Trainee: 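The structure's right below; bear with me while I get my questions together.
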Amino acid sequence: MLALPEIDAVCVATPNFRHAREAISALNAGKHVFVEKPMALSRAEGSEMVRAAARAHRFLGVGFHLRMRPAIQKARALIRSGAIGDILEMNLQWSIGREGESQLPPL
């Protein structure tokens, strides 16, 4: 598949221990890569994936699908602004209701 010129991008959704190896192979083959989280099993693997993307001039995306939700963006803004102090630890839960929407109130 990686040798086919008509393939521009791949999605790596294999078991976690294979993410880095398969993403790097795809990047080295000139493909853009979207990888499911966790991106890698170690910082070293993740760093190598980022370096491979830079060398290949290809996009490397990671599946953090909730990060653009309004509640998450509001929390991020509050943390960055310092409005809620220094965060030492966080414990987050996300609940999906029958309609597919979060049951948590927006921040």
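In this chain, residues are counted from 1 in sequence order. The structure displayed is predicted, hence computed values, not measured ones.
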Trainee: Taking atom CD as the centre, does Glu6 end up with more than 12 heavy-atom neighbours from other residues, nucleotides or ligands that are less than 6.0 angstrom away?
Mentor: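 Yes - once you tally the heavy atoms of other residues, nucleotides and ligands closer than 6.0 Å, there are more than 12.
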Trainee: Is there a side-chain contact between Phe34 and Val12, using heavy atoms and a 4.5 Å cut-off?
Mentor: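 Sidechains of Val12 and Phe34: no contact.
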Trainee: Of all heavy-atom pairs between Arg51 and Ala44, which one has the smallest distance, and what is that distance?
Mentor: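 Heavy-atom minimum between the residues: NH2-O, 4.4 Å.
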Trainee: Is any side-chain heavy atom of Glu22 less than 4.5 Å from a side-chain heavy atom of Ser25?
Mentor: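 Not in contact.
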Trainee: Under 3.5 Å, side chain of His19 to main-chain N/O of Thr14, donor-acceptor pair present?
Mentor: yes
Trainee: May I ask whether Met1 and Ile24 are part of the same hydrophobic cluster, defined by side-chain heavy atoms of I, L, V, M, F, W, Y residues being less than 4.5 angstrom apart, directly or through others?
Mentor: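 Yes, one cluster joins them.
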Trainee: Identify the two heavy atoms, one from Ala23 and one from Met49, that lie closest to each other, and give their separation to 0.1 Å.
Mentor: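 Scanning both residues, the minimum pair turns out to be CB-CE, 3.6 Å.
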Trainee: His32 and Phe59: which non-hydrogen atoms are nearest, and at how many Å?
Mentor: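 Heavy atoms only, the tightest pair is ND1-N, 3.0 Å.
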Trainee: Closest heavy-atom contact between Ala40 and Gly46?
Mentor: CB-N, 3.5 Å
Trainee: Is the number of heavy atoms from other residues, nucleotides or ligands within 6.0 Å of CZ (Arg76) greater than 12?
Mentor: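 No, because the 6.0 Å sphere around CZ of Arg76 holds 12 heavy atoms or fewer from other groups.
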Trainee: Please check: side-chain N/O of Arg58 versus main-chain N/O of Leu27, any donor-acceptor pairing under 3.5 Å?
Mentor: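 Between the backbone of Leu27 and the side chain of Arg58 there is no qualifying donor-acceptor contact (under 3.5 Å).
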Trainee: Roughly how far, to the nearest 0.5 Å, is CD1 of Ile84 from CG of Leu78?
Mentor: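 One finds 5.5 Å between CG of Leu78 and CD1 of Ile84.
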Trainee: Distance-only, no hydrogens or angles: does the Lys31 side chain make a donor-acceptor pair with backbone N or O of Ile7 under 3.5 Å?
Mentor: yes
Trainee: Are Glu48 and Arg43 within salt-bridge range, i.e. N to O under 4.0 Å?
Mentor: no
Trainee: How long is the gap from CG on Leu41 to CZ on Arg21, to the nearest 0.5 Å?
Mentor: 11.0 Å
Trainee: Indicate yes or no: at least one non-hydrogen side-chain atom of Met39 is less than 4.5 angstrom from one of Val50.
Mentor: yes
Trainee: Could you tell me whether the side chain of Leu2 reaches within less than 4.5 Å of the side chain of Asn28, counting heavy atoms only?
Mentor: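 The answer is no; the side chains never approach within 4.5 Å.
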